[in-house]
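As the structure is a prediction and not an experimental result, all values here were calculated from the model. Here is how names work: the chains are called A, B, and so on, in the same order as the sequence lines, proteins then strands, and each is numbered from 1.
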Amino acid sequence: MNFASVIVDVPAKQTDKPFDYEIPAAWKNLIKPGMRVVVPFGPRKVQGFVIDIKEEADYPKTRKIVEVLDLTPSLTPELLEVGHWLTETTLCFKITAFGAMLPAAMKAKYEKEILLVKEEFRDSLSQDVQPYFINSNSFAWSEAEKAGILPNLQKEIEKGLLEVYYKVSQKGNRKTTRYIKAALNQKQLLEAAEEMPAQARKQKELLEFFSETEDAAFTSQELQAAAAASDSTIRSLVKKGFLQEEWVESYRDPYADRRFEQTEPLSLTEEQEGAIKPILQKVEDGQHHVFLMYGVTGSGKTEVYLQSIEAVLQKGKEAIVLVPEIALTPQMVERFKGRFGSLVAVLHSGLSTGEKYDEWRKIQRKEVKLVVGARSAIFAPFENLGMIIIDEEHETSYKQEENPRYHARDAAIFRARKHNCPVVLGSATPTLESFARAKKGNYELLSLQGRVNSRPMPEVSIVDMREELRKGNRTMFSTELLEQLRNRVEKGQQSVLFLNKRGYSSFVMCRDCGYAIQCPHCDISLTYHRSGQQLKCHYCGHEEPMPSVCPECSSEHIRFFGTGTQKVEEELAKVLPEARVIRMDVDTTGRKGAHEKLLSAFGTGEADILLGTQMIAKGLDFPKVTLVGVLAADTMLHLPDFRASEKTFQLLTQVSGRAGRHLLSGEVIIQTYTPEHYSIQLTKQHNYLAFYEQEMQLRKQYAYPPFYYLALVTVSHPDLLGAVSASEKIVSFLQAQLQVSTQILGPAASPIPRINNRYRYQCMIKYKRENNLAAALKAVNERFQQEMQQNGLGISIDLNPYQLM
DNA sequence: AGCACGCCGACT
DNA sequence: GTCGGCGTGCTC
């Protein structure tokens, strides 16, 4: 086993293959697949992943591995497999897939340095560069560039006095703590203490201290406190060999200063029992299976998760729980930490790079048994997985919108298959894809339709904003909402106001009849383009002029839509000056911890109204909230996205669930210009099943998922013409490669037609069964390879896209 | 991605 | 004659 196949950290088509390296004799039995190494690559050094160890190299002129970065492989054999699967299913580079499975801190940082070849060359350096090497024998390339002395250095390099060195370092550092312990036994220590010269009073005392303790290790701070020992005393005793130092890895614990109240398993309702039984059975049997737990808000899904995990841990196995952007729900972390204490690692975007790395290390070192985290936590390096849970399965944040464009649900199922363990998908509003699979029997449906505390679902009323306008109310608050808000303030109860900011973009709607202009071929809203006063469809490229009157009712009040939280806050202050308002949006939650602060302020009753966007829709649970208002339910409904109705229904249901979760019953007011729309009407009725049926019909009619699969090819180019012609060529190429039954739409301008001065066109592929697809798309990449290198053509491929932009 | 090699125009 | 433009191709 003399050679290693390495995937190098150079994300490019030409380097997306293993390179063989010789393993230096000293590391022969040390290097294993999954380890990160540093290898020479051309003139520089790069990081790479060992994917294979072999007796012979496939290449005659191998070079040697220069550094080993891991003692234990950072990618387990199974995760290496997951990596290969990722490249195949998302068409990304191998290195991109591997990189995505590790915390950012482990990504290499590359630095160029200029090194003095030999100490004695220092005096031979020319006058202009010598000053830079007076105190050191290296000098950062970037500094040299700034100082403008590169040409001078070049000359010295040619003379052989200096050399260019490529340094590979890590972003995050392991945090270690120094512990001091005795190097001898207690008797020997006592003897040593007696032989200490009289002037070494402190050393003598410290030795005596150690001779009285058994086999304990202390940090220097502890010694300072316990024995008044200074660091210099410790050091000289270490030097004399009486004491020894020990470096132990320590963790930055983001939750160190927080106490989690220990909780006990609650007794389950009959429904919960019914749901947990089949899960426990699969855990017991060690069998792969996918469950879809469809449970209304407040039905106690989390308790089912907790008790299932309990069973997994009892079998000595590990579990992964995915939650959407967990930073937003400290309440969720609390529930897991409360039940499983220090067995839990938490991975989410609110942690620093170092903190994330530490949590990851805890998993790798098997110090935790459970990880709760956002999307990428699906790659937690557990080796004995017993269950994977995906909470709020419908959340779109489970799909990564950059390479590798994977969906955590797919990765979960792939891993669970390998580990023979169950996957539990939970949601009050499952995606149509998952629910359809459950109906077909691919997944097992578990249903929780009652709320744990038997509270009725909140009363939802829909306010027709067209009516308000007719009555002369031009503010963004309907009479009813305003009245109810005032009522809550008076009663000392709290309200949540939800503004859907997404879709601020520009769909066009009639303020009188609520008619939104749609594409005749795609059943999605057209987008308004100021340039040329045109309406465009981003799917098929259809175009039409912006009408001056509503095509439906001939009203002149037709215009495009959008508003922001700040404006709402101002208006609220005008109409309801007595209310104390907390506003939560990107502006007010920018700083780390600001989020939690605002939420806890609201929780302790420092405000009457919580006003916010998306981020307040999830997982909040405040007993005193009895009113939820949705200011404009339509904004999302008319996004150019075939999932718009689904997302609207999910969001409205989600938001409604924030009201009346405890003793006080709740009420929801939804303001809309399209009250008759089924996704709004069915929210009022709390009827997911009806929504599912209706939406499925439309999906079938327009050939969208789950009836068809989608693939999105986005072409970008510095010139408009280049983008157009390349995308046209791609479309015709694909038409030749793929089956007749596969639909290829476009090319059409991307919803964001120009980013960074690059024009973007896209085409969408709809297919049912297409074995050729991956091969055809790979072929596209290959065929346009030269153009991609030469004229700055870019091709991005998203299989099963979520965001169609 | 970097970087070197290599082949054509404007300069000491 | 050379410096330097960036097209081309390679990196185990």
Side-chain angles (χ1 to χ4, degrees), chain A residues 1-25 27-28 31-69 80 87 91-100 104 106-115 140-142 144-145 148 150-155 157-158 160 162-171 402-404 716-719 722 756 758 781-796:
Chain A
M1 296 301 148
N2 303 313
F3 296 92
S5 283
V6 174
I7 299 296
V8 293
D9 184 17
V10 182
K13 189 98 229 299
Q14 290 155 302
T15 52
D16 188 32
K17 57 172 187 180
F19 286 80
D20 288 351
Y21 287 88
E22 190 187 332
I23 302 174
W27 297 333
K28 279 267 149 73
I31 292 186
K32 295 187 185 71
M35 282 184 177
R36 294 167 307 142
V37 289
V38 175
V39 292
F41 197 64
R44 57 211 169 112
K45 295 194 186 75
V46 296
Q47 192 178 101
F49 289 89
V50 175
I51 55 161
D52 196 16
I53 304 287
K54 51 195 187 182
E55 200 58 66
E56 293 299 332
D58 300 335
Y59 190 82
K61 294 180 288 183
T62 55
R63 295 165 79 183
K64 282 184 185 174
I65 291 176
V66 295
E67 205 177 324
V68 185
L69 296 174
L80 279 174
T87 29
L91 303 177
C92 69
F93 302 128
K94 292 175 181 69
I95 191 65
T96 314
F98 292 149
M106 292 171 81
K107 279 232 181 71
K109 214 173 67 187
Y110 299 99
E111 265 174 298
K112 243 159 73 168
E113 277 182 350
I114 302 183
L115 219 62
W141 181 279
S142 56
E145 214 166 16
L150 279 182
N152 312 334
L153 292 167
Q154 200 68 43
K155 288 189 197 115
I157 291 169
E158 273 158 33
L162 298 176
E163 63 180 343
V164 180
Y165 182 78
Y166 297 84
K167 199 168 123 191
V168 183
S169 60
Q170 299 296 300
K171 279 186 185 148
E402 60 203 57
N403 278 327
S716 61
H717 198 283
D719 304 320
N756 279 332
R758 296 174 64 84
N781 264 333
E782 244 136 70
R783 265 198 87 182
F784 292 88
Q785 185 62 39
Q786 316 98 292
E787 265 195 77
M788 286 167 82
Q789 279 181 332
Q790 286 164 17
N791 333 329
L793 171 70
I795 301 177
S796 131

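In this structure A:Ser142 satisfies the side chain to side chain contact (heavy atoms under 4.5 Å, CB included) test together with A:Ala140, sequence neighbours excluded. A:Glu55 pairs by the side chain to side chain contact (heavy atoms under 4.5 Å, CB included) definition with A:Met1, A:Asn2, not counting sequence neighbours. Qualifying side chain to side chain contact (heavy atoms under 4.5 Å, CB included) partners for A:Ile157, counting only residues two or more places apart in sequence or in other chains: A:Leu162, A:Val164. Residues satisfying the side chain to side chain contact (heavy atoms under 4.5 Å, CB included) test with A:Pro33, not counting sequence neighbours, are A:Ile53, A:Leu80.
A:Pro11 comes within 4.0 angstrom of the backbone, heavy atoms only, and of no base. Using a 4.0 Å heavy-atom distance criterion, A:Phe93 is classed as making no nucleic acid contact.
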Base contacts versus sugar-phosphate-only contacts with protein, heavy atoms under 4.0 Å: please encode nucleotides 4-11 of chain C as B, S and - from 5' to 3'. ----S-BB
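Side-chain N or O atoms of A:Arg36 include none that pairs as donor or acceptor with a backbone N or O of A:Ala108 at under 3.5 Å.
Taking every nucleotide of DNA chain B with any atom under 4.0 Å from a non-hydrogen atom of chain A, the first and last of them, 5' to 3', are B:dA1 to B:dC3.
Rounding to whole angstrom units, NZ of residue A:Lys45 and P of C:dC12 are separated by 12 Å.
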Show me, pair by pair, the donor-acceptor contacts under 3.5 angstrom made by side chains of residues 61-69 of chain A, not counting sequence neighbours?
residue : atom : partner : partner atom : Å
A:Arg63 : NH1  : A:Gly42 : O            : 3.0

Extract all donor-acceptor atom pairs below 3.5 Å that involve side chains of residues 12-22 of chain A and protein atoms in other chains or at least two apart in sequence.
residue : atom : partner  : partner atom : Å
A:Lys13 : NZ   : A:Glu782 : OE2          : 2.7
A:Gln14 : OE1  : A:Gln789 : NE2          : 3.2
A:Thr15 : OG1  : A:Val10  : O            : 2.7
A:Thr15 : OG1  : A:Ala12  : O            : 3.3
A:Asp16 : OD1  : A:Lys94  : N            : 2.8
A:Asp20 : OD1  : A:Ser5   : OG           : 3.0
A:Asp20 : OD1  : A:Lys54  : NZ           : 3.2
A:Asp20 : OD2  : A:Lys54  : NZ           : 3.1
A:Asp20 : OD2  : A:Asp58  : N            : 2.8
A:Tyr21 : OH   : A:Pro40  : O            : 2.7

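Among residue pairs with one or both ends in residues 45-65 of chain A, those qualifying as ring pair (Phe, Tyr, Trp, His ring centres under 6.0 Å) are A:Phe49-A:Phe98; sequence neighbours excluded.
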